[in-house]
Every structure is written in C-alpha cells, then in structure tokens.
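Okay, structure first, notes after.
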2 protein chains.
Amino acid sequence: MSMTHTQSRFNSTLTSQCQNCSLSALCLPIALADEDINRLDQIIERKKPLKKGEFLFRQGDTFDSVYAVRSGTLKTFNITSVGEEQITGFYCPSELVGLSGIDSNVYPVSAKALETTTVCEIPFSHLEELSSQIPSLKHQIFKVMSRKISDDQQMMVLLGKKNADEKVASFLLNLSNRFKKRGYSASSFRLSMSRGEIGNYLGLAVETVSRVITRFQKNELIHVDGKEIEIVDFPEMQKLVGVASDCGKIANI
Amino acid sequence: MSMTHTQSRFNSTLTSQCQNCSLSALCLPIALADEDINRLDQIIERKKPLKKGEFLFRQGDTFDSVYAVRSGTLKTFNITSVGEEQITGFYCPSELVGLSGIDSNVYPVSAKALETTTVCEIPFSHLEELSSQIPSLKHQIFKVMSRKISDDQQMMVLLGKKNADEKVASFLLNLSNRFKKRGYSASSFRLSMSRGEIGNYLGLAVETVSRVITRFQKNELIHVDGKEIEIVDFPEMQKLVGVASDCGKIANI
DNA sequence: GTCATTTGCTGACCCAGATCAAGAATTCTC
DNA sequence: GAGAATTCTTGATCTGGGTCAGCAAATGAC
C-alpha cells in the first residue's frame, strides 16, 4: 500500500496525514484514537488533482474506492436513455463520493470535476477490513451512508413538492450550511456550478434558475455577481424554504 | 434478547426462523453459514401485525431498530412545514425500513402500514455488534444501504426529469420488478396504496394519476380493475420509461 | 341492510414554468 | 488581447399538469 502513496506522504515523518488534514473532523468525523487514525491514514491514497471537466470515475466503471473531496467540487450524474445528463449531486470538500457503487460493484453514476479538484482515494476493501478492527469506524461508515439516505430523501421532497423559488432557496441555503460546516462563510461564497447545472439538479430550466436568482436579488434576499453569491436576508430565505428558524435541520435538501 | 421473542420462536426447536423464512434470500441476501444465520436469528424479534393505518415508528422517535417487512406494505413519509405529508417510499415484503435513522439516532420519517403488515424488528446495536463478528453480514449491510442510495438517486431522476406518463409507467414497472423478485407475478398485482398516495409519491396530482392510468388502459398498455393492475404491454411500457430492453436495471425508480 | 365517508373518475379552466429567440456577458483558446 | 465559444439574462409565447368542481363507486360504521 504505502508504495502507492505520493510524495507528500514521505515528507511527513511521524505525523499522520489524516491527523493534520483540516477535514479530518468532517470526512469521517470520528473520535478515533491516534493509533486508529494512523491505520486509516495508511490505506488512503492522495491522488493528483483533477482538472475541470476530468472524470474521477465513469458510470459503469468497476467500483473499488470511495473518495473524499479535499478541495474543489465534483458533480455526479447519470446519462439518461435519451442521452441527456441528470445531475444527482454536488460534492464539496470533506464529502464522500462513490458510496452508491458498493451494492453492484460498479459505479451507477459518473463523477466529474467542476473545477480543479483534489481527492483522497479510500480503497473500499481496505476500509471494510479496517472497519472490522475499529468498531467506531464501522459505525461511522454506517452513519455517513445513513445520512446520505436521509439527505437524498429530503432532495426527493424538494423535487416532488417545491416550486422554483423554494428549490433555488433550498439549494443556496444548503450550500451555505455546507460551507459553514467546514469553517467558511455561510453568507458569502462562490458557485462552482453553472446555472445550467443548478437547473439540471433542481429539475428546472436554466432560464427559470436565472430569473429566480435575478428576482431574489431584486427583492434583496441575496446579492449576486456572476458566480459570487451573498445571502443577505437569511430569515426571508428560510421562510421560503419553509423551515422554522429554531429547527436544527435548516434548509435540508 | 430471547425473552422478547414471540410464541412462534418457542415452537421452533432446532430450526432457525430466518432459515425457514421465505424471505431469507432477500431480506439480507447473504451467503451466511447456518451457524451465522442462527446468530442473526437470535437478535430478531417478530412483532405482532400492524393494522392498516398504524405506525411502525414516527418521525422524531428514537432510532433503535431497522425492520424487515414480512407481509403487507408500509409507506414512509415526512410531514412538511406546511403540514402536508410527503411520501418518500413504499416497502414490500423482504425490504428493510428505518436505515435513515442511523445517522441522527432519530427516525427522520414516519412509517405507517398501508394494510395489515407484519415485520421483523432488528435491534440495530445488536446487528452492528454481530456484524463485527460476521464480515459477510457487515458487507451485506453496506450493500443494502448502498442499494438504497442508488435507488433513491434514480427516484430523483424520475422526479426531476420525467413527465406524468413516464412517472406512472416507472412506478408500475418498479413494483412489477419487486413482486417478481419475491416470486410473485410480474404482470398482475394489487396496489396497496391509493391513487392519492401514488400521486404524492410521484409528485403528481391525484387527478393526473387517475387520468394517466385510465389512458394506459385505453391504449391497452395495462388492464385496471380498481386496485388490481395487469401489465399487458411490457415492451411499450418499458419504452415509456425509456430503458433499453436488454438493460439489466429495467424501470429503476 | 342503510347511510356516511372516503376514494376514484372526468370535464373545464388556469398558471407556473418550459420552450423559443435573441442579445449581453463571461470564459476559453491561441 | 482578439475572436470564438460558451454561459447568462431577458422577453414573448405555449403547454403539461395543477386546481376546482361534480358525480360515481367502493368501503366502512352501526
């Protein structure tokens, strides 16, 4: 295993990579003993960056690893029978991609970089093996997958029941929460995806996304400058999403 | 544990319940050694039947078990901020309900019986413990959760991209596949959910569901008698869903 | 059995958001 | 940095499916 590790790995002497990684509290947010973190670190490969538009894996590829995003953004998508792309998710730093491949041993979606993106590759067979020895790691994997299931179900609610305004507001607040969780500004961030990709994801036409965003800006809910977004009126946005402000799960998508 | 087992458990002498269960190949379709199946069997509680409309668990209840449906049907749903119900899934015999509760230790949805329904309760802490000792069981749980993730993502595609005809056709073929998998007729079955529940699930108004079903019948794609459905023209239905007939994953929802 | 309630069907109308079109602003590329 | 290509915005128009309404059929309660 260690032979496949990249340069940076050899530079670190005694310290573990995972331990130093600013995402360690998020990627598999576990209360692991140092010794366990080291063992996890051993199986992880740090891959060279993907450039915008490059694939991490393609629908139909043999599944062997899950990936943690370290920097940048990925999208996952299906190609439908009529050849159009359907985006099923965006992945920000600290998030895990590829879990849906475990069942069939084949990735059921493609994953593509929206900008320059680096990932950690976590060979699944090794992770599974290690999870037998570290119960808290196993529990953590169950939790991450369970979380994905409930998040996706919230997304189903969004697609099935919400109108265009609610969809876009949910999307922006969801991104905001994810940035906040990793220590970035919750109110001001950059969209790494195009309007077209947002529309595709939310089940809306590009034009509708554009119009809604313009209207939000006109009503001073947000401030927009190209891909830069600033959320100005959180309470009003949350009202649109339809979530009580005291609710822990704000703007779930 | 064994103290909580019901009557039927004591009637069985040496044979395991899970071993005899006709769903064993589906519920956690594992190549478990007899000994392992017995151990799994030990932790499972067979609950008394739920009557139509009764809850298995409610949104917000503390999570402690997942449930395998033995007979009947369940639906899971959220209550939205405006008080309306959003159905996130239907569960047929052999399917597992409750996996989304692992992450937060609370069920994020409610589960309600659509008809008289029996389930096996699988206390999750015991299952997790046992999975440490039986790697193939652990792998199986990963697979079941992974499958749920990719199924839900197909559902997202359906909600985001398909029109009313495609949604209803996908729904019917998906049910057909699930019945077929458990050994029942793929072409002829009974819908345990109302038109309203189908519409809710598919993001359609009741009237639309009703009209589409009527039209399918008029065009001789299906034959309908109340809740009884017979799929007459599979190829045409699959064409509607937009899946090549040689594709393994037909009519994925 | 009878009455009440829920569930399903169908027609008439309407609107949110899709589609079409055409410029404006960005972003690639060399 | 000029030109090409893509992405974004905005307006005009169209339509799939939602809403409303009224009746029929099935199911439940007593």
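Residue numbers begin at 1 in each chain, while the letters A, B, ... track the order of the sequences.
The separation between B/R195 atom CZ and C/dT7 atom P is 12 Å, rounded to whole Å. Distance CG (A/N163) to C1' (C/dA16): 8 Å, rounded to an integer number of Å. B/I213 places its CD1 atom 9 Å from the P atom of C/dG8, with the value rounded to the nearest Å. One atom, CG of A/D165, and another, C1' of C/dA16, lie 10 Å apart when rounded to the nearest Å. Counting to the nearest Å, the P atom of C/dG8 and the CG atom of B/N200 are 13 Å from each other. At whole-Å resolution of the value, CD in A/E166 and P in C/dG17 are 9 Å apart.
Side-chain atoms of A/T117 do not come within 3.5 Å of backbone N or O of A/G72 as any donor-acceptor pair. A distance-only check finds no donor-acceptor pair linking the side chain of B/K75 to the backbone of B/Y91 [under 3.5 Å]. One N or O on the side chain of B/N200 and one on the backbone of B/E85 form a donor-acceptor pair closer than 3.5 Å.
The environment of NZ in B/K52 is sparse: at most 12 heavy-atom neighbours from other residues, nucleotides or ligands sit within 6.0 Å.
First and last contacts of DNA chain D with chain A, using any nucleotide atom under 4.0 Å from a protein heavy atom and ordered 5' to 3', fall at D/dC8 to D/dA12.
For B/S210 and C/dG8, the shortest distance from a side-chain N or O to OP1 or OP2 is not below 4.0 Å. For C/dT7, neither phosphate oxygen OP1 nor OP2 lies less than 4.0 angstrom from any side-chain nitrogen or oxygen of B/K227. Under 4.0 angstrom from either OP1 or OP2 of C/dC28 there lies at least one side-chain N or O belonging to A/K52.
Residue-to-nucleotide contacts include no donor-acceptor pair under 3.5 Å from the side chain of B/R211 to the base of C/dG8.
Ring-plane geometry between A/Y107 and A/Y67 is classed as tilted, the angle between the planes lying from 30 to 60 degrees on a 0 to 90 degree scale.
Less than 6.0 angstrom separates the ring centroid of B/F90 from the ring centroid of B/Y201.
Residue contacts shown for B/A164 are limited to sugar-phosphate atoms, with no base heavy atom under 4.0 Å away.
In this structure, A/L221 CG and A/E230 CD are separated by 12.5 Å, a value rounded to the nearest 0.5 Å.
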